[in-house]
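Naming convention: chains lettered A, B, ... in sequence-line order (proteins, then strands); numbering from 1 in each chain.
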Amino acid sequence: MTRLPAVLALALLPLVLASLFWDPAMLRAVAERDPALARTILMELRLPRTALAVLIGGALGLGGAAMQGLLRNALASPDVLGPSTGASLGAVFAGYFLGGGVLAVAAGGMAGALVALALLLALAGPAAGTATLVLAGVAISALAGALVNLALSLAPSPYALYDVMFWLLGSLADRSLPQLGIAAPIILVAGALLLRQARSLDSLALGEDVAETLGVDVARLRWTVVVATGVMVGAGVAVAGSIGFVGLVVPHLVRPLVGNRPGATLLPAMLAGAVLLVAADMAVRVPVNGQELKLGVLTALLGAPFFLWLVVKGR
Amino acid sequence: MKRVAASGLAAATLLVAVSAVASLPTLAPKPPPALALDLPAPPAPVRPRRVASLNLCTDELALLLAAPGQLVSISRLGAEPRETPVATRARGLARNRGRVTDIVALQPDLVLTSAGDASAATAARRLGFAVVNVVQPRSLAEVSANIRQVARALDRAAAGEALIARMLADLGPRPSAPVPALIIGGGGQTIAADGLSAQWLRHAGLQQQRVTRGQVDLERLLSDPPQVLVISRYYPGQMSANQNWLAHPAIAALPAAVQRIETDGRVWTCGGPLVAAEVARLRALVRR
C-alpha cells in the first residue's frame with residue numbers, strides 16, 4: 001500500500017527524461033551544429049513543457065481525488081464539474097477584456113475556478129446526491145464553456161477564434177519558463193495543503209457527524225479543499241488551457257489499490273495524474289496523419305470511454 | 001453588436017485568406033478572363049457611379065483604383081486601420097458587414113465581391129446588381145489581372161495600368177540567390193513555400209522554407225532556424241494566445257546570425273498590390 005507512491009514515482013522518472021530528451025537524434029544534430037541552441041531547446045522549451053505536464057497532471061489528479069473525497073462522489077472532478085472550464089473563462093476574461101498580463105491571466109484563472117466551485121456547492125449542497133451534483137456540475141461546465149466561446153467571439157482580436165481551441169482543449173506546446181514560474185509555486189503550495197487533509201478526508205468518509213466527533217472541523221476542511229483545488233486548477237488552466245478527464249479518471253485507477261480510502265488516494269492520484277499527463281503530452285507529439293492532436297482531445301479519448309465504463313458499472 | 005460582427009468577419013476573412021494560401025499548391029487553374037464572364041452585359045463604357053465592395057480584398061482594390069465619389073460602400077474591415085493601410089481613404093463611406101442585404105438600400109450600380117464568398121456574388125446577381133467577382137490571386141500575374149479586371153469595371157483602366165506599373169517598379173527584378181527565410185505570424189502561422197506570399201517574398205530576396213501544415217512550432221524554428229526570420233505584426237499588443245507566442249523567450253534566444261525583420265502583417269492578408277512597397281522595404285533590409 002505504501003509502495004504505490006514509490007512505484008508511481010519510479011514510473012514518472014523515465015517518462016520525464018523521455019519527455020525532456022524527446023527526439024534525441026534531432027537534439028544531437030542541433031547540439032553538434034550549435035550547442036547553445038540545443039541548450040535553449042532544452043531549457044526554454046522542453047523544461048517548462050515537461051515540468052508543467054508533471055505539475056498540472058499532478059494537480060488534476062490530486063484535485064480530482066480531493067473533490068471526490070470531499071463530496072463523497074465518484075463523479076466529482078475539476079473537469080467534469082466546472083472548475084476547469086470556469087478557470088478558462090476567468091483567464092479569458094482577465095486576458096482579453098481587462099488587458100492583463102501573465103499574472104492577471106493566472107489570477108483570472110484561479111478566480112474563475114473558485115467561482116465555479118462556489119456555484120457548484122451552492123447549487124448542489126455539501127453532500128448532494130450524484131444526480132444533483134452531476135447535473136449542477138455539467139450545467140456550470142457547459143455554461144462556462146459557452147461563455148468562453150461567446151467571450152472570444154466578442155474579443156476584438158482576429159486571432160480570438162483560434163484561441164477557443166486552446167482554452168477548451170488545452171496544450172503544453174511552446175510554454176515558457178515565466179509561465180512555469182507562475183504556475184509552479186501556486187500548485188506546489190496548494191497541493192501540499194491538500195495532501196495534509198488526507199486524514200480528515202478519511203474521517204469524513206465515515207459521515208460528517210462521525211468526522212466531527214473524531215475532531216475534524218468539517219466546515220474548515222470543506223473550505224480548505226475547495227480553495228486549494230480551485231487555486232491549483234486555476235493556475236494550471238491559466239497556462240495550459242482546460243485539460244479534461246485526468247482529474248476524473250486517475251483517482252478511480254488508484255483507489256482500489258489503496259483500500260478505497262479517500263485520504264490514502266491523494267498522493268498516488270497526484271503521482272498517477274503526473275504520469276498520465278506526461279505520457280499523453282508525449283503521445284500528442286507523434287503526428288497522426290501528418291497532424292498533431294490537441295492534448296485535451298487525447299485525454300478525452302482516453303477518459304470518456306472510462307466515464308462510460310463507470311456508468312455501466314454503476315447501473 | 002458591431003464588434004461581434006466585425007471580429008467574426010475578421011476571423012472569417014483571416015481563415016479564408018489562410019486557407020487560400022495553404023491550399024495553393026493543389027489548385028492551379030488558369031486565371032479566368034473574368035470580366036467577360038462576370039458582367040451580365042458586355043463591358044459598357046458607362047462609368048459606374050455607385051460602387052459597393054463586400055470584402056477586404058476588393059475594398060483595397062476599389063480604394064486604390066476608384067475615382068473620387070465613385071464608391072458608396074466598403075466592408076468594415078476595409079475601413080479598419082488595423083486591417084489595411086488604405087483604410088484612411090475610406091473616410092465618409094458607408095460600411096457593410098460583407099453581406100448583400102447591407103447594400104441593397106444603397107442601390108449600387110456595381111458590386112465587387114470576392115470569390116472566397118461565392119454566396120455573396122450569387123445573391124447580388126439574383127437581386128439584379130451588376131457583379132464583379134474577384135478571385136483570390138495565386139500568382140503575381142493574377143494580382144495584375146485582378147487590378148485590370150476591377151479597373152476596367154470601374155472604367156478606370158488608366159488608373160489600373162498606373163497601379164500595376166507602380167507595383168512592378170516597387171518589386172524590381174527578382175534577386176538571384178535568395179536567402180533561406182521564414183515568415184511567421186502569431187502562433188507560428190506561416191505560408192506555403194510555393195504560394196503567392198512566397199512569390200512576393202522571393203522578390204525581396206527571400207526563399208520561404210518548406211513547412212508542413214502552414215504552422216511552425218518553436219522546436220521546429222530553433223532546430224532548423226532560417227537565415228532571416230520575418231515576423232509579421234498584426235494587431236500588435238493585443239492579447240491572444242497566438243500573439244503571446246511571438247513573445248516566447250525562445251525566439252529572442254535564436255542565434256544572433258538569424259536576422260529578424262518585422263513586417264506589416266496587414267498587407268499580407270490579401271496579398272494584393274499593397275505588398276509591393278512592403279517587399280521593397282524588406283529587400284533593402286535583408287543582409288546577404
Side-chain angles (χ1 to χ4, degrees), chain A residues 22-23 25-27 29-31 33-34 36-46 48-49 91-102 104-105 150 152-167 171 173-179 239-241 285 287 290-292, chain B residues 1-18 56 77 80 82-83 185-189 212-225 234-258 265-266 269:
Chain A
W22 181 260
D23 198 354
M26 182 272 270
L27 276 181
V30 175
R33 225 173 44 234
D34 186 345
L37 202 53
R39 199 168 334 117
T40 305
I41 293 181
L42 268 179
M43 297 303 294
E44 300 278 356
L45 296 176
R46 300 289 177 84
R49 180 173 195 161
V92 163
F93 196 78
Y96 294 73
F97 293 96
L98 305 181
V102 203
V105 171
L150 177 69
L152 289 178
S153 308
L154 294 173
S157 165
Y159 286 117
L161 285 179
Y162 291 104
D163 289 2
V164 173
M165 208 156 65
F166 169 76
W167 288 110
S171 167
D174 297 344
R175 302 295 95 195
S176 66
L177 279 177
Q179 287 175 313
V239 297
R285 286 184 240 177
Q291 309 267 343
E292 279 178 24
Chain B
M1 274 305 281
K2 288 183 173 183
R3 276 166 88 191
V4 186
S7 61
L9 198 61
T13 321
L14 195 69
L15 281 170
V16 167
V18 169
L56 173 63
L77 298 182
E80 167 60 62
R82 289 180 299 184
E83 289 285 356
Q189 287 179 33
T212 50
R213 297 195 301 121
Q215 202 166 17
V216 283
D217 57 28
L218 289 170
E219 287 210 4
R220 156 70 186 74
L221 183 60
L222 263 67
S223 63
D224 182 16
Y234 184 60
Y235 282 78
Q238 198 173 57
M239 158 76 188
S240 77
N242 275 347
Q243 297 284 25
N244 294 351
W245 185 92
L246 286 172
H248 196 290
I251 293 184
L254 276 169
V258 177
R266 298 175 298 174
T269 311

> Checking B:Asn244 against chain A: side chain, backbone, both or neither under 4.5 Å from a heavy atom?
Replying inline: neither
> What part of A:Arg175 lies closer than 4.5 angstrom to a heavy atom of chain B: side chain, backbone, both or neither?
Replying inline: backbone
> Can you tell if the side chain of B:Leu222 reaches within under 4.5 Å of the side chain of A:Val30, non-hydrogen atoms only?
Replying inline: no
> Which residue out of B:Gly188, B:Ala250, B:Pro249, B:Ala253 racks up the most heavy-atom pairs below 4.5 Å with chain A?
Replying inline: B:Pro249
> Rounded to the nearest 0.5 Å, how far apart are CD of B:Glu219 and CZ of A:Arg46?
Replying inline: 4.0 Å
> Given that the side chain runs from C-beta out, which part of A:Asp174 has a heavy atom under 4.5 Å from chain B: side chain, backbone, both or neither?
Replying inline: both
> More than 12 foreign heavy atoms under 6.0 Å from CE of A:Met165: is that the case here?
Replying inline: no
>> Under a 4.5 Å cutoff for heavy-atom pairs, which residue among B:Gly185, B:Gly186, B:Ala247 has the most contacts with chain A?
In response: B:Gly186
>> Between B:Ser240 and chain A, with a heavy-atom cut-off of 4.5 Å, which part of the residue counts as in contact: side chain, backbone, both or neither?
In response: both
> Which region of A:Pro178, side chain (C-beta onward) or backbone (N, CA, C, O), has a non-hydrogen atom less than 4.5 Å from a non-hydrogen atom of chain B, or is it both or neither?
Replying inline: side chain
> Any idea which heavy atoms bring B:Ser223 and A:Arg33 closest together, and the distance?
Replying inline: O-NH2, 2.5 Å
> Checking heavy atoms, do the side chain of A:Val92, its backbone, both or neither come under 4.5 Å from chain B?
Replying inline: neither
> A:Leu37 and B:Pro255: which non-hydrogen atoms are nearest, and at how many Å?
Replying inline: CD1-CD, 3.6 Å
> chain B: which of A:Gly241, A:Pro287, A:Ser176, A:Ser171 shares the most heavy-atom pairs with it under 4.5 Å?
Replying inline: A:Ser176
> Checking A:Leu45 against chain B: side chain, backbone, both or neither under 4.5 Å from a heavy atom?
Replying inline: side chain
